[in-house]
Amino acid sequence: MNLLQRCLLSSLLLCVTASEDFDWTKNEKTSFYYGTFPTGFSWGAGSSAYQTEGAWNIDGKGMSIWDAFARKKGKIFLNDTGDSSCEGYYKFKDDINLMKDMKLNHYRFSISWPRILPTGLKSEQINERGIKYYDDLINMLLDNKITPIVTLYHWDLPQVLQEKYGGWQNITMVNYFNDFANLCFDRFGNRVKYWITFNNPWSIAVEGYETGEHAPGLKLKGTGAYKAAHHIIKAHAKVWHTYDMQWRSRQKGLVGISLTADWGEPVDITNQRDIEAAERYIQFYMGWFATPIFNGDYPQVMKDYIGRKSGQQGLGASRLPVFSPQEKSYIKGTCDFLGLGHFTTRYVTLKNYPSSLGDSYFADRDLAELVDPQWPDPGSEWLYSVPWGFRRLLNFVKTQYGNPMIYVTENGVSEKMLCTDLCDDWRMQYFKDYINEMLKAMKDGVNVKGYTAWSLLDNFEWDEGYSERFGLYYVDFRNKNKPRYPKASVQFYKRIISSNGFPNQREVESWKRKSIETCSSSNQLLAADPLIGHMEMVTEIVVPTVCTLCILLSAVFLMFLLRGRL
C-alpha cells in the first residue's frame, strides 16, 4: 500500500468514526415500544464495597480514603459513615438469595483494595481473610448461576497510599494498582470473566481532586482533576495489557471500564453554538476517558479549550497533560467492553467564562447546564427523569466509538426523602421508561449486552450518607441487623426480567398494579417496627400539627401587630 492509499484510508476511517455521524438535529421521542430483548441479554443489579460491606476494620482490613474522609466532621450528610452500612460482609449469603429470587443473571460488585492489601502494597501484606470473603461471595454467586461482574476500583483507595504518595496525583499509583489487579486476576480470575478497572473515573478526578466533595477531599482547581484522570487512564491501560499478556489465554475473560455520563442536549438543536456546547459537555464528561481508550488521545475540543485558557492565564503549557506517541499507541484499544452508567440529562448552551476567573474544570468548558422544570424529579436533587436522553447517549457512543460492546453498569433513581412506603411507583416508572429507551437504542443498532439496575440495596450514598436511597430493597439502617424489605420495584423488575422486556401492552400495564399489591405485606412488616411506626407518627401527625399551630400563632401575632399600628 503506497503513501497516497494510506492517507486516503486514514481519511476514510476518520470520516467513519467522526462525531459528525451523530445527528444532533434528530431527537426522536417516540411512543412506548412493546418488544423483547435478544436471547441471552443479561439482567443484573449492582453495589460497591464501601457502600454496602461495612466491617470497615474487621479481619485485617486496612483503612480506605473513604474511611478517613467520612470521619471528618461536615463532609458527609449528618456525619454518617460506611462503618457498618448494610453489613454486606456478614449478610452476603442472604443478599445472594434475594438475587436468586429475582432471577438475576449477573451481580456487579467491587473488591475493596484495602480489604485484601491493607497497606495498598502487594509486596508488604496480603490479607487472606479478605481474599476468603470474596472467594466465598464469588463461589456462591456461581453456585446460584449468577455471573459476577467485578469492579477493581470503586473509589476506596488505601489511605496509606494517599498519605504517602498523594493518591492519584502520583504516577506510582499506576504500578501499585496493577499489582492489586494482578493479585485479583491470580486469585479470582479462574471464576470471574468480566472485569471493570475503574468505576466513574470522572467522579474520582473531579469530586476527589477538584471540588473536594468526595474522598480524598482535595481542591486542586484546574489541575488536580486532569492529573488524576491522566494517571487513571494509564493505570487502566496497564491493567488491560497485563491481563491480555498474562491471563487472557488461560482465563478467557474481558476487561473494560465503567464510565458514567449524563446526556447533554442542545437547548436549540438548530443553533450550531448550542450543538457545539452540548458536544463539548459530553466530551469533557465521557469523552475525557473514552476517547483516549478507544482512539488514543484526549478529545480535540478538550485540548483546544484547556490549552487556550491556560495560555490566557500566562501558563507555559496546557493544564491538560499530554500523552507521548508511545503512550497513545499503548492506551488505544484497551477496552473489551464499555461499562456505561447513566442517570439523567441536561440541556446545554454556550456560556463564556473569562480566563480571569481562574483555573477550573467547569470554567474550561464554556457552557451552562439547564433543566426543564416539567421534567419529573422523583429522587436526588440532581436526578431528573428524562428517558429519551438515555437512547441519545447510547447512539452517541455507537457513532463516536465504533459501536463497542456495552454493558449498562448503573441506572436507577432514588427517593427524595426518608420514605417508609415501599410502594415506589416512581422507581417502577423510571425503570420502565429507561429500559424501554435502551431497547429502542438496540433497535437502532447499539450493541448493548446487559443492564444493571442501581442498586440492589439502599446503601451509603457517599457525601449524602443514608439520605438518598437507590435500592430495590429497603434497608433499615437503625436496626443493628440491617433487615432488607422488598420495594414494589423488586417485583416490577423481576417481571421485566422474566419477560425479557415488554411483551405486550395489556401485560405490561398490569405489572405496576400487581407489584404494588405484593409490596403491601412488606409495608406491614416495616410498619411493625416500633421505631419506624414512631417516625411515621411524627411525620404524619406531629409535624403537620406543629406546622398548623405555627401558622395560627403567626396569624394571631400579626393581628396584634396590625391592631397596635392602627
Side-chain angles (χ1 to χ4, degrees), residues 40 42-56 58-61 82 84-117 126-154 156 180-181 183-196 199 247 250-254 258 339 407 409-410 450-460 471-475 481-486 490 493-494 497-498:
S42 187
W43 298 96
S47 73
S48 82
Y50 187 73
Q51 290 179 281
T52 57
E53 283 179 4
W56 74 280
I58 298 298
D59 290 343
K61 179 187 170 292
S84 58
S85 189
C86 307
E87 298 287 17
Y89 186 75
Y90 303 105
K91 296 176 72 72
F92 73 90
K93 293 179 181 178
D94 295 338
D95 292 338
I96 291 174
N97 285 329
L98 300 180
M99 299 176 216
K100 183 181 179 182
D101 179 68
M102 290 175 68
K103 295 183 170 52
L104 296 187
N105 305 125
H106 70 260
Y107 176 51
R108 183 196 169 203
F109 65 94
S110 73
I111 291 175
S112 168
W113 186 348
R115 192 175 292 286
I116 66 173
L117 294 176
I126 297 173
N127 181 25
E128 294 296 339
R129 287 173 293 181
I131 297 278
K132 184 181 184 303
Y133 165 70
Y134 294 111
D135 267 333
D136 293 344
L137 171 60
I138 291 165
N139 289 340
M140 188 173 175
L141 285 169
L142 293 172
D143 288 343
N144 286 280
K145 296 181 172 53
I146 300 169
T147 299
I149 296 181
V150 178
T151 307
L152 291 166
Y153 189 89
H154 203 127
D156 46 357
F180 162 61
L183 175 63
C184 292
F185 297 152
D186 181 31
R187 297 300 188 93
F188 313 122
N190 61 329
R191 290 154 292 155
V192 174
K193 304 305 175 188
Y194 294 90
W195 296 97
I196 294 167
N199 176 75
W247 302 103
R250 282 176 282 166
Q251 298 179 352
K252 312 295 185 197
L254 301 173
S258 178
Y407 279 85
T409 43
E410 290 187 8
Y451 174 86
T452 311
W454 188 266
S455 54
L456 179 69
L457 308 172
D458 290 337
N459 54 38
F460 179 84
L472 290 157
Y473 283 87
Y474 179 94
V475 178
N481 295 319
K482 308 298 170 70
R484 284 83 158 118
Y485 300 91
V490 168
Y493 187 41
K494 188 176 177 180
I497 294 170
S498 63

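Distance check, rounded to the nearest 0.5 Å: CZ of F188 to CD1 of I116 gives 5.0 Å. In this structure, CG on L152 lies 9.0 Å from CD1 on I196, to the nearest 0.5 angstrom. Taking NE2 of H154 as the start and CD of Q51 as the end, the distance is 5.0 Å to the nearest 0.5 Å. Rounded to the nearest 0.5 Å, atoms CZ (F180) and OH (Y153) are 10.0 Å apart. Between atom CG of residue L457 and atom OH of residue Y474 there is a gap of 13.0 Å, rounded to the nearest 0.5 Å. Rounding to the nearest 0.5 Å gives a distance of 10.0 Å between OG of S258 and CD1 of I149.
The heavy-atom pair separating I497 from K103 by the smallest distance is CG2-O, 3.5 Å. E410 and W454 get closest at one heavy-atom pair: CG-CE3, 3.7 Å. Closest non-hydrogen pair, I138 versus V192, comes out as CD1-CG2, 3.7 Å. Contact between S85 and G54 at its shortest, heavy atoms only, is CB-N, 4.2 Å. What you find for N105 and S42 is that their closest heavy atoms are CB-OG, 3.4 Å. Of all heavy-atom pairs spanning D458 and G471, the tightest one is OD1-N, 2.9 Å.
For the pair E53 and R115, the minimum side-chain heavy-atom distance is below 4.5 Å. Contact check for E128 versus I126: side-chain heavy atoms found under the 4.5 Å cut-off. Inter-residue side-chain proximity for K100 and D143 is flagged as unmet; no heavy-atom pair is nearer than 4.5 Å. Looking at heavy atoms from C-beta onward, W43 lies out of side-chain contact with H106 at the 4.5 angstrom threshold. Within the 4.5 Å cutoff, no side-chain heavy atoms of I111 are placed close to those of T151. Counting heavy atoms from C-beta outward, S84 and K482 have side chains that approach closer than 4.5 Å.
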Quick one: do L456 and T52 satisfy side chain to side chain contact (heavy atoms under 4.5 Å, CB included)? Show the steps, please. CA-CA 10 Å; L456 179 69; T52 57; over 6 Å; no
Verdict with reasoning, Y133 to Y89, per ring-ring contact (aromatic ring centres under 6.0 Å, His included): CA-CA 8 Å; Y133 165 70; Y89 186 75; 4.6 Å; yes
Let me see the working for Y451 and Y407 under ring-ring contact (aromatic ring centres under 6.0 Å, His included), right down to the final yes or no. CA-CA 6 Å; Y451 174 86; Y407 279 85; over 10 Å; no
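S112 and K61 form no side-chain donor-acceptor contact under 3.5 Å, judged by distance and modelled atom types alone. Side-chain atoms of S47 and Y107 include a donor-acceptor pair closer than 3.5 Å.
Between Y134 and F109, the ring-plane angle classifies as parallel under the 30° and 60° cut-offs.
For the pair R484 and E87, the salt-bridge criterion is not met [side-chain N within less than 4.0 Å of a carboxylate O]. At a threshold of 4.0 Å, the pair K93-D136 does not count as salt-bridged, since none of the basic side-chain nitrogens sits closer than that to a carboxylate oxygen. Note on D135 versus K132: no salt bridge recorded, every NZ/NE/NH1/NH2 to OD/OE distance being 4.0 Å or above.
Within the 6.0 Å centre-distance limit, the rings of Y50 and F460 are counted as a close aromatic pair.
Partner R108 forms a side-chain hydrogen bond (donor to acceptor under 3.5 Å, both in side chains) with one of N199, T452, T147 and no other, that one being N199.
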